[in-house]
Amino acid sequence: MNAVITVLGKDTVGILAKVATECAAVDVNILEVTQSVLQGMFAMIMFVDITNCSVPFSRLVDTLTDKGEEMGVKIHVMHEDIFNAMHKI
Amino acid sequence: MINSHDILETINMIDHENLDVRTITMGISLLDCIDDDIEKACGKVYDKICRYAKNLVRTGEDISKEYGIPIIHKRIAVTPIAMLAAACPAMSPVKFAKILDKAADTVGVNFVGGYSALVHKGFAPGDYALIESIPEALSVTEKVCSSVNIGSTKAGINMDAVAKMGRVIRQAAELTADRDCIGAAKLVVFCNAPEDNPFMAGAFHGAGEPDSVINVGVSGPGVVRAALAKAGDCNITEVADIVKKTAFKITRTGQLVAKEASKRLSVPFGIVDLSLAPTPAIGDSVAYILEEMGLEQCGAHGTTACLALLNDAVKKGGVMASSHVGGLSGAFIPVTEDAGMIEAARSKALSLTKLEAMTAVCSVGLDMIAIPGDTSAEIISGIIADEAAIGMVNSKTTAVRLIPAIGKKAGEELNFGGLLGNGPIMDVNPKSPAKFIARGGRIPAPMQSLKNCKCWRALPSKPPTKGSALGTRWGKPFSGEKKFSPKPPSKNR
């Protein structure tokens, strides 16, 4: 079971590290990361495996959303099915 | 693998274009709660709703969080209460309204629909008492919504009910005059009411539905408008294609949420209603879509054509995205709930007569329209009759949700707050249809209702036994039809 973590906002030091640390703490495995910085705007998309996540998925969503607010960026954590449903027939 | 463009597009739709799932509505049958003792019946109703819907709100919130898609409302639709009221004719059905309100509070839903009666062909026991009690029921409760079906393509229009509903709408407004006449905003008069509509105020759980069911209403006018804005100056065929593609994406989210809610609540999935439902939030407006198509303002000549295209394209795009489509499906045009409509009504670009024309091609009807407080019950009945006639003849659902603004005149404003919005009071033609309304009776069903036909050519796949009526025809050509006999190949070739 996979989820997609997206981070959008102003670039600062250690965004990826902080998100990755949170993931590791709850046994969420990072499968793939794509990241770009355009004119100071940071955009990262991370595919993660949540099969062995040690906390309920909704709590992971809350933790990362709060972390995003702390860093001044917008973090979305969404189950991959929403993207599959919307963009694949 | 999902590509990053698709991911960012979805997130942009949710964050900036107001994409949401408007409602998860649980339909609950109350037929097994019927009892001639109203106290016992109310007890059963309360218990059943609380038992079935106890996890509805929490499940909706969980799904919303996991998939990152806002689910705005969780609601309940029940069997038309007139069917329960029929068993206890001596008692006022308002008790049922109060118990529905209490059950809605207990399970945490924001509306419960089904304080309803279906009287398109006439009044059965319970119907009359329920209709009489609607104004009181809506004034003493907060979350109960009421609807009455007064016509259908199959049955015609019950003009006695039309006359009655004109008076009931006025009374509902009068009893709640101190609260911006909100009673009338929770009351819908239908022609061809669907039995599985998840949207309020017209939701009820039809008699043909299962014991319990999950129906989902999607939304997303903001997403459609943004997609058209991005497309720029394309021709109208391309506009229709863009609407279809966007409606497909919107509906797929609704289908996902519906299936997930159905699985988690162990309740069968009913339908997805493919409606573009506006809210008063800026950008979440159906009127803005019409304006994006090239109208200076909603209400201009051309509005009906744009709306017809939109309504049709939404259905075409959505229908492939969902396994079961139902409810109202199309584009709503509730005036006070749509920022663009409010502006158009204020500037008089949009009139009641234009709205009536638009209802011939939209998904419902004259919705959330404030009218002057001195509008007579007969004029309201006349508006209902016109609207029902459009629905009856075109085999479509039409509805009327008018709010007589007691003590106010055209040009002043009503403010309900929240999703019901606010808006100006619109002008109504003051000429009286009183004599027509007073006639009563029933407008006969139109020719379109006579669709049952006997098809002579529907022969069984195997020849019937000798001597049966069809046996004499089997294998013989029908009159005027030549028997096919292939020519032998020409010797010259």
Side-chain angles (χ1 to χ4, degrees), chain A residues 1-10 16 19 26 28-39 41-51 53 55-69 72-89, chain B residues 1-17 19-21 57-71 216 218 220 223-224 227 244-261 263-264 269 272 317-323:
Chain A
M1 208 163 55
N2 296 341
V4 177
I5 301 173
T6 56
V7 185
L8 301 166
K10 198 169 174 296
L16 200 157
V19 175
V26 291
V28 166
N29 187 27
I30 297 169
L31 303 171
E32 194 183 320
V33 183
T34 56
Q35 179 200 312
S36 65
V37 182
L38 270 177
Q39 295 176 339
M41 286 304 287
F42 179 87
M44 179 178 78
I45 298 171
M46 194 182 250
F47 288 89
V48 296
D49 181 353
I50 52 167
T51 317
C53 185
V55 295
F57 182 58
S58 53
R59 200 183 304 165
L60 175 69
V61 175
D62 287 337
T63 316
L64 282 171
T65 312
D66 293 346
K67 202 81 198 166
E69 276 167 26
V73 293
K74 184 98 179 161
I75 299 186
H76 289 273
V77 186
M78 293 154 83
H79 198 290
E80 69 167 350
D81 282 356
I82 184 91
F83 304 106
N84 285 330
M86 211 181 223
H87 300 285
K88 286 185 183 172
I89 295 178
Chain B
M1 206 51 157
I2 314 155
N3 82 42
S4 49
H5 173 265
D6 292 342
I7 292 172
L8 294 176
E9 185 190 10
T10 303
I11 289 172
N12 190 44
M13 282 181 184
I14 295 167
D15 277 3
H16 303 292
E17 296 165 3
L19 173 65
D20 55 48
V21 167
V57 173
R58 209 193 63 220
T59 305
E61 283 166 0
D62 285 352
I63 294 172
S64 175
K65 195 166 265 182
E66 285 174 32
Y67 292 98
I69 175 108
I71 300 171
V216 164
V218 300
V223 183
V224 176
K244 279 198 284 187
K245 283 178 196 159
T246 316
F248 177 82
K249 290 177 185 175
I250 295 170
T251 309
R252 290 281 279 198
T253 58
Q255 168 81 6
L256 176 71
V257 166
K259 277 176 73 179
E260 199 59 35
K263 192 170 85 187
R264 292 184 191 191
F269 158 54
V272 174
V319 95
M320 189 179 154
S322 171
S323 42

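All chains are named by letter (A, B, ...) in the order of the sequence lines, taking the proteins before the strands, and each is independently numbered beginning at 1. In what follows, every heavy atom counts, from backbone to side chain, and hydrogens, waters and symmetry copies are set aside.
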For [X], which atoms come within 4.5 Å of any heavy atom of chain A: side chain, backbone, both, or neither?
| X | result |
| --- | --- |
| B:Q255 | neither |
| B:I2 | both |
| B:N3 | neither |
| B:I7 | both |

Are [X] and [Y] side-chain neighbours, meaning at least one heavy-atom pair lies under 4.5 Å?
| X | Y | answer |
| --- | --- | --- |
| B:D6 | A:K88 | no |
| A:M86 | B:L19 | yes |
| B:E260 | A:D81 | no |

Spacing of [atom1] belonging to [X] relative to [atom2] belonging to [Y], to within rounding of 0.5 Å:
| X | Y | atom1 | atom2 | result |
| --- | --- | --- | --- | --- |
| A:H79 | B:I63 | NE2 | CD1 | 11.5 Å |
| A:F47 | B:S4 | CZ | OG | 7.5 Å |
| A:T6 | B:D15 | OG1 | CG | 8.0 Å |

Kindly give the heavy-atom pair with the smallest separation between [X] and [Y], and that separation in Å.
| X | Y | value |
| --- | --- | --- |
| A:N84 | B:R252 | O-NH2, 4.2 Å |
| A:H87 | B:T10 | NE2-OG1, 2.7 Å |
| A:M78 | B:Y67 | CE-O, 3.4 Å |

Against chain B, work out which of A:V77, A:T34, A:D62 has the most heavy-atom pairs shorter than 4.5 Å and name it.
->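 Top option by heavy-atom pairs under 4.5 Å: A:D62.
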Side chain, backbone, both or neither of A:L8 within contact of chain B (heavy atoms, under 4.5 Å) |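 The side chain, not the backbone.
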Which atoms of A:E80 come close to chain B, meaning under 4.5 Å heavy atom to heavy atom: side chain ones, backbone ones, both, or neither?
->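 Looking at A:E80, backbone and side chain both touch chain B.
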